[in-house]
Amino acid sequence: MGEEERSLNFIEHIVEDDLTNGYGQKDLRFRFPPEPNGYLHIGHASSICLNFGLGLRYNAPVNLRFDDTNPAKEEKEYVDAIKRDVEWLGYEWDTERYASDYFQQLYDWAIELIRQGKAYVDSQSSEEMAEQKGTPTEPGKESPFRNRSVEENLELFEGMKNGDFGEGTHVLRAKIDMASSNMLMRDPIMYRILHRPHHRTNTDWCIYPMYDWTHGESDYIEQVSHSLCTLEFLPHRELYNWFLDQLVDSDRLRPKQREFARRNLSHTVVSKRKLLQLVKSGVVDSWDDPRMPTISGLRRRGYTPESIRNFADTIGIAKRENIVDVSLLEFHVREHLNKITPRVMAVLNPLKLVITNYDEGKEEWLEAENNPGDESAGSRKVPFSRELYIEQEDFREEANRKFFRLKLGGEVRLKNGYIIKAESCTKDGEGNIVEVQCTYDPKSKSGSGTEESLRKVKGTLHWVSIPHAISAEVRLYDRLFTDASPDTHKDKDFMDFVNPNSLEKITGYLEPSLKDAKVGDRFQFQRLGYFNVDIDSTAENLVFNRTVTLRDTWAKLEQKS
Ligand code: ATP
Ligand code: MG
């Protein structure tokens with residue numbers, strides 16, 4: 001969709017209103033703030049396209065900010081993967097920032113809050129604090145440590161920072177309102193003790209700031225104008241604002257948090273924690289396993305950045321959560337690959353076909369267009385000979401008139417080649433058809449201009465010449481989960497819905513032009529689907545992934561049932 005044709009989404013309306021009401025274009029600044037505790041998934045793609053899309057629309061900078069405040073779960077590997085994925089999607093960030101860049105500033109501000117009597121050290125256990133929280137309808141109870149003196153608080157907080165105390169012994173809390181109807185305002189924790197090295201600050205710190213204390217302040221430091229997050233943070237907005245109230249200078253821009261709906265994709269899970277569980281339990285091989293809904297998994301599977309951006313653009317930004325059917329994502333990749341991939345022939349379930357009136361030992365190199373929809377894609381030569389493979393399902397001894405493929409006594413055209421007629425077939429001891437004998441019409445060669453070459457027959461089959469074919473491992477993927485929303489069942493775990501048949505590895509036979517295919521190259525295997533060369537591929541052992549079938553086979557199945 002062109003930028004101009006699309007109507008504004010509600011976030012863009014908010015920005016437009018702000019521009020009308022006093023913001024200058026130069027005030028606009030956005031950020032994408034991943035926590036480096038896993039790989040990015042298709043849900044993140046929505047947030048990336050939203051934030052970077054705003055940057056492009058308003059010519060405003062967008063920071064990539066790592067929200068790295070929990071060293072127990074975060075790693076450099078994840079930082080690197082996230083950067084790779086955002087770049088691959090085609091976006092450029094203005095500056096790379098880390099919440100950990102601000103640890104000292106946050107600490108100094110926390111001391112300021114203690115001095116103003118707005119924060120205190122609580123020395124209760126987490127269980128005790130939880131008991132005092134109250135419920136949404138009942139006010140909480142104040143901690144016995146709530147009224148510690150400023151001096152005592154300063155001393156204890158410094159001790160926490162210096163490593164004098166064990167994990168769980170003390171926390172720093174904001175002193176807000178234990179009776180607030182918003183539970184998050186009931187003296188939220190600002191700092192906890194964690195004796196863990198951090199991937200960037202190493203052992204410099206053993207107290208780490210909590211999300212709420214970090215996020216808005218990081219936005220303020222970076223002068224982010226619109227801090228966009230998912231809906232579960234709506235109740236946090238009051239706290240986001242409370243913290244800013246304590247700090248904001250009237251001459252500096254005050255960031256605002258606004259929320260949009262999390263995107264979920266059917267037949268999968270979009271949560272780093274759950275995706276990590278799939279990796280750790282061995283259900284998939286890695287974060288970039290082509291069955292994963294991660295950006296890196298989709299990339300390896302053969303998805304293009306354009307197809308993911310178009311998908312995100314089509315589903316847009318919503319105020320309410322819903323599940324987007326994965327077939328919509330597949331539609332977008334199909335649409336893009338249809339435009340850009342060269343057509344080739346490959347047979348995945350081979351049945352031998354012998355053309356009895358074609359000379360033994362003869363070969364011909366037939367002209368084949370690389371993309372019938374795009375003349376500039378050029379053409380190549382494919383070898384033809386007496387012995388070919390076709391797909392097993394393309395032949396039947398008998399069939400009704402709706403079967404436009406090959407049956408005994410019937411005719412089809414071999415793509416780029418001749419019209420053939422099936423004369424007889426051979427079966428093994430169990431009755432399986434193992435060979436079909438045909439005759440061909442030598443005057444019917446495609447493109448030769450003869451009357452016979454223009455003769456119309458109902459079916460056209462793809463094929464490969466047996467003596468020229470190269471073999472390759474072909475990996476066929478199916479949905480990772482059998483249920484459309486595996487993580488929404490109250491009585492069952494999402495792992496109960498793992499599809500045991502999500503990967504099938506077979507040997508395929510390919511036309512020889514594919515022998516030099518390089519990792520990442522994408523093709524349409526005619527009549528079968530879109531495939532790309534997997535990173536496991538070598539010159540000796542080619543490995544292809546099926547990115548997506550040519551048509552939506554699931555939609556058909558669902559219609560039937
Ligand atoms: P996860 O549960 O997968 O870890 P998260 O929200 O904790 O998700 P973050 O790394 O904190 O992950 O997310 C970075 C940004 O991406 C946040 O602004 C977050 O709101 C947004 N985001 C995460 N998941 C989705 C999703 N499914 N749809 C839209 N935006 C998302
Ligand atoms: Mg998170």
Side-chain angles (χ1 to χ4, degrees), residues 9-11 30-55 62-75 77-83 85-86 89 91 93 97-100 208 210-212 214-216 218-219 222 224 226-237 240 255-279 287 292-298 308-309 311-324 326 328-329 485-488 494:
N9 64 46
F10 78 94
I11 296 284
F30 306 93
R31 91 286 173 261
F32 171 64
E35 182 182 357
N37 63 346
Y39 282 57
L40 297 179
H41 50 64
I42 188 73
H44 291 111
S46 275
S47 177
I48 293 170
C49 293
L50 171 65
N51 284 295
F52 285 94
L54 286 164
V62 184
N63 287 347
L64 176 62
R65 168 160 6 110
F66 291 97
D67 209 342
D68 57 343
T69 57
N70 185 359
K73 297 215 168 120
E74 297 156 4
E75 285 174 34
E77 179 200 338
Y78 298 139
V79 169
D80 295 339
I82 289 169
K83 286 164 64 175
D85 289 348
V86 174
L89 278 173
Y91 295 111
W93 52 86
R97 300 292 185 101
Y98 294 81
S100 55
Y208 290 94
M210 302 299 285
Y211 173 89
D212 290 302
T214 310
H215 207 90
S218 304
D219 289 337
E222 293 173 22
V224 166
H226 297 79
S227 177
L228 308 171
C229 59
T230 36
L231 271 179
E232 70 273 22
F233 289 99
L234 184 58
H236 294 248
R237 199 205 279 187
Y240 181 99
K256 49 167 84 170
Q257 174 185 307
R258 289 296 178 269
E259 308 79 15
F260 62 97
R262 193 169 269 275
R263 286 304 192 177
N264 302 300
L265 194 66
S266 78
H267 297 94
T268 193
V269 289
V270 279
S271 145
K272 282 177 276 178
R273 180 179 61 76
K274 289 172 192 159
L275 294 173
L276 177 64
Q277 207 178 323
L278 289 172
V279 176
W287 281 97
M292 290 281 268
T294 50
I295 306 291
S296 53
L298 292 167
I308 295 175
R309 291 200 308 260
F311 166 74
D313 217 42
T314 304
I315 63 174
I317 295 301
K319 289 185 184 179
R320 238 183 267 162
E321 252 194 65
N322 67 350
I323 297 174
V324 181
V326 65
L328 186 63
L329 179 63
S485 41
D487 53 357
T488 58
F494 75 99

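Bear in mind that the values here come from a model prediction, so they are computed numbers and not experimental data. Remember, it's 1-based here, ligands and their atoms both numbered in the order they're listed.
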Worksheet item: Counting heavy atoms only, which part of F32 comes closer than 4.0 Å to ligand 1: side chain, backbone, both or neither?
Response: side chain
Worksheet item: ligand 1 versus R273, non-hydrogen atoms closer than 4.0 Å: side chain, backbone, both, neither?
Response: neither
Discussion item. Does the plane of the ring in Y39 sit parallel, tilted or perpendicular to the ring in W287? Use 30° and 60° as the thresholds.
Written reply: parallel
Fill in: Heavy-atom nearest neighbour in the protein, as seen from atom 22 (N) of ligand 1, with distance rounded to 0.1 Å
H44 CD2, 3.9 Å
Practice prompt. Can you sort out which atoms of ligand 1 are near S47, meaning under 4.0 Å from one of its heavy atoms?
Written response: 15 (C), 16 (O), 18 (O), 21 (C), 30 (N)
Item to complete: Just do the side-chain contact (heavy atoms from CB on, under 4.5 Å) check on L265 and F311 with the steps written out, would you?
Response: CA-CA 11 Å; L265 194 66; F311 166 74; 3.8 Å; yes
Item to complete: Report yes if the side chains of I82 and I295 come closer than 4.5 Å at any heavy-atom pair, otherwise no.
Response: no
Fill in: R273 side chain to N37 side chain, donor-acceptor N/O pair below 3.5 angstrom
no
Worksheet item: Would you say ligand 1 has an N or O under 3.5 Å from any N or O of P34?
Response: no
Fill in: ligand 1 contact by H41, heavy-atom criterion under 4.0 angstrom
yes
Discussion item. When you measure from atom 7 (O) of ligand 1 to the protein, is at least one non-hydrogen atom found at a distance under 4.0 Å?
Written reply: no
Worksheet entry | Residue and atom name of the nearest protein heavy atom (relative to atom 10 (O) of ligand 1), distance in Å to one decimal | K272 NZ, 2.5 Å
Worksheet item: Is the closest side-chain heavy-atom distance between V86 and L40 below 4.5 Å?
Response: yes
Worksheet item: Do E222 and N63 have a side chain donor and acceptor closer than 3.5 Å?
Response: yes
Discussion item. Just to confirm my output: which protein heavy-atom neighbour is closest to atom 11 (O) of ligand 1, and how far is it?
Written reply: E35 N, 4.0 Å
Worksheet item: Which residue supplies the protein heavy atom nearest to atom 20 (O) of ligand 1, what is that atom called, and how far is it?
Response: T230 OG1, 2.6 Å
Worksheet entry | Nearest protein heavy atom with distance in Å, relative to atom 29 (C) of ligand 1 | G43 O, 3.2 Å
Response to the item:
Exactly one candidate in K256, R31, Q257 meets side chain to side chain donor-acceptor pair (under 3.5 Å) with S227; the answer is R31
Discussion item. To check your reading of the model: name the closest protein heavy atom to atom 24 (N) of ligand 1, its residue, and the distance in Å.
Written reply: R262 NH1, 3.1 Å
Worksheet item: Is the closest basic N to carboxylate O distance between R65 and D219 below 4.0 Å?
Response: yes
Worksheet, complete the sentence: A student checking ligand 1 against R263 at a 4.0 Å heavy-atom cut-off should list atoms 26 (C), 27 (N), 28 (N), 29 (C)
Item to complete: If the plane angle is over 60° it's perpendicular, under 30° parallel, otherwise tilted; pick one for Y98 and F66.
Response: parallel
